Amino acid sequence: MLLVILVVKPIWAFEVPGFDGRVTDKAGLYSREFKSQLEEKLAKIDAETRAEVAVLTINKLPDAYIEEYAVEVFEKWGIGKTKEDNGILLVIAKDDREVRIEVGYGLEGAITDGRAGEIIRNEIVPQFKLDNYELGTMAGVEKIEKYIKGEVETTNLISNTTNQVASFVDNFKILTLGFLFLTYMASFFARTKEFVAGGIVGFILGIIFGNLVVGIILAVIGLIFDLILSRRDTGMDGFRNVSNPPVWKSNSWKSSGWKSGGSSGFGGFGGGRSGGGGASGKW
Amino acid sequence: MKKGLFVIIGIAVLVGLWLMGLYNGLVGADQEVKTQWAKVETQYQRRFDLIPNLVESSKAVLKQEQAIIDSVTEARTKYSGATTVDEKARAAGEVETALGRLLVVMENYPELKSDETVQRLMDELAGTENRIAVERGRYNDLVGGFNVRVKTFPNNVIAGMLGFSEKVFFESVEAASTAPTVNFD
């Protein structure tokens, strides 16, 4: 199991911070009151339009363009609902004096790059120039809200199932399936008194459904199973209870992974994606 | 003896299942790569559609830069004539280079920077360029995954027979433009 997790762990080019909620203020631009006010506002937008808007402030960009950084954060956090991809990420890099609005696939119609640029130029930058970070952020978010609400249709047909989470879940399904199948076959192998066959079957099963790693894991499981069963020669008796592993849900894994540090009951973003839409600006 | 026969039949069935799984998996992966390429092309098309607007709204100011505008328009025409993936990729590279030059030149005209329409168009173009970079990066990731699948043992033995071969990465324009280009016209 551990091996599988390690194999499919995504590799990021740079460190992406975890989120504290809808607002993640790493640069400390906001007062406590403003932060909770902003979070409330964003929660309200979510409740009214299903769109997930996130704000991230950082001191300094890692060795990357703000465009690359924003899309990476967006992907990792999964802003927006799955399939709808209706997320927005506002990134503010304080020392670089750069700001970006990253738009998820599903909101590209509501917030075009031109509109995103206009929000940055007309709402955010003028305030940021005067060090009014709170005012600028709120003005930007309010304008974003207006554009989202003006959008009639928010459905989006671009769906993508090929992310790391999906492949992890797939691998797990393979394991579960192989596990069940093995248990089923165990009744046959238990009578053979040999234990190698179980290993071979496990290995082949793994290769059918996935890759070599899964094959080897299943081979080991199969070997152990058949070994125990052949030794005891008791058929299925000892294994009835084991053959029912918990049902695996992609959502439960994802949200529990993100729960750490969540504030005011915010359970995590929905798993939306972005394709690099939006606009950037400097102040 | 009887048991041995069972095992052999069992293994034959499993090998058959493995082939089926392999084939279906490769078909799926192949389709994913194609879908991702379609996304790249969507962004190319978007860029293609934006260019006339940008040229139209800035040409009055950019009278001195007719040569650059022409090169953008020419590259765009070439792209519209391209049919294969390879041709399209090459033509798109030319559009990218010409457009990049135009955008740099436009920075020098304050009257364009204060024009809201031009600004919006430039945002749209910048956004499109970024999308192209993102989708192209994802395309390459998928191609990488696909190639690993096709080339690793034991898939590599069978994949060729099933008609799957290694796919080519999409190289960025930066890499392409470092190669010297010779023009004989």
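Letters A, B, ... mirror the listed sequences (proteins, then strands); counts begin at 1. Just so we're clear, the structure is a prediction, and the values are computed from it rather than from any experiment.
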When every non-hydrogen atom of A/D113 is compared with those of B/T128, the smallest separation belongs to OD2-N, 3.7 Å
B/D123 and A/E118: which non-hydrogen atoms are nearest, and at how many Å? OD2-N, 4.1 Å
Over 12 non-hydrogen atoms of neighbours within 6.0 angstrom of [atom1] in [X]:
{"X": "B/F48", "atom1": "CZ", "result": "yes"}
{"X": "B/Q64", "atom1": "CD", "result": "no"}
{"X": "A/D63", "atom1": "CG", "result": "no"}

Test log, rule side chain to side chain contact (heavy atoms under 4.5 Å, CB included), inputs A/E75 and B/R138: CA-CA 12 Å; A/E75 284 282 296; B/R138 288 179 187 165; 3.1 Å; yes
What distance separates A/R115 CZ from B/E124 CD, expressed to the nearest 0.5 Å? 9.5 Å
If one checks every heavy atom of A/S274 against chain B at 4.5 Å, the contacting part turns out to be backbone
